[in-house]
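Quick caveat, the model's predicted, so the values are computed rather than measured.
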Amino acid sequence: MKPVLCEKKTYTVAEIAKILGVSKGAAYSLVKENTFKSIKIGKSIRINKESFDKWFYSDE
């Protein structure tokens, strides 16, 4: 039986900070400004990958 691979659906704040090459504080500011969809789960914040990617790759 082959293992089921699950495509990642979310990013952490640390991951988007690394992708953008900015501090975690700057990444948290983008989340706070609702730049892309995010959700808080307990004390953790998860950023919707599709929403982030759409913002990141937009021409505007």
- request: Enter the distance from Ile45:CD1 to Thr12:OG1 here, rounded to the nearest 0.5 Å.
  value: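 The distance works out to 10.5 Å.
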task: Could I get the full list of ring-ring contact (aromatic ring centres under 6.0 Å, His included) partners for Phe36, not counting sequence neighbours?
output: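 Partners of Phe36 under the ring-ring contact (aromatic ring centres under 6.0 Å, His included) test: Phe52, Trp55.
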- prompt: Are Ile39 and Thr10 close enough that some pair of their side-chain heavy atoms sits under 4.5 Å apart?
  reply: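 With C-beta onward as the side chain, the pair stays apart.
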field: Beyond-backbone contact of Tyr11 with Asn48, side-chain heavy atoms, under 4.5 angstrom
entry: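 Not touching, per the 4.5 Å side-chain cut-off.
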message: If I compare all heavy atoms of Ser23 with all of Ala17, which pair ends up nearest, and what's the gap?
response: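 Result for this residue pair: O-CB, 3.8 Å.
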message: Taking salt bridge (Lys or Arg N to Asp or Glu O under 4.0 Å) as the cut-off, I'd like each qualifying pair that reaches into residues 47-58, sequence neighbours left out, listed once.
response: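 Applying salt bridge (Lys or Arg N to Asp or Glu O under 4.0 Å) to every pair that reaches into residues 47-58, excluding sequence neighbours, yields Lys49-Asp53.
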field: Selection residues 12-28 - residue pairs positive for salt bridge (Lys or Arg N to Asp or Glu O under 4.0 Å), sequence neighbours left out
entry: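 Sorted result for residues 12-28: Lys8-Glu15.
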task: With sequence neighbours excluded, tell me which residues meet salt bridge (Lys or Arg N to Asp or Glu O under 4.0 Å) with Lys9.
output: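 Counting only residues at least two positions away or on another chain, Lys9 forms no salt bridge (Lys or Arg N to Asp or Glu O under 4.0 Å).
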task: With side-chain contact (heavy atoms from CB on, under 4.5 Å) as the test, would you mind laying out the steps for Leu30 and Leu20 before giving the verdict?
output: CA-CA 11 Å; Leu30 290 171; Leu20 297 173; 3.6 Å; yes
task: Using the side chain to side chain donor-acceptor pair (under 3.5 Å) rule, collect all pairs that involve residues 26-45, keeping only residues at least two apart or in two chains.
output: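 Non-adjacent pairs meeting side chain to side chain donor-acceptor pair (under 3.5 Å): zero.
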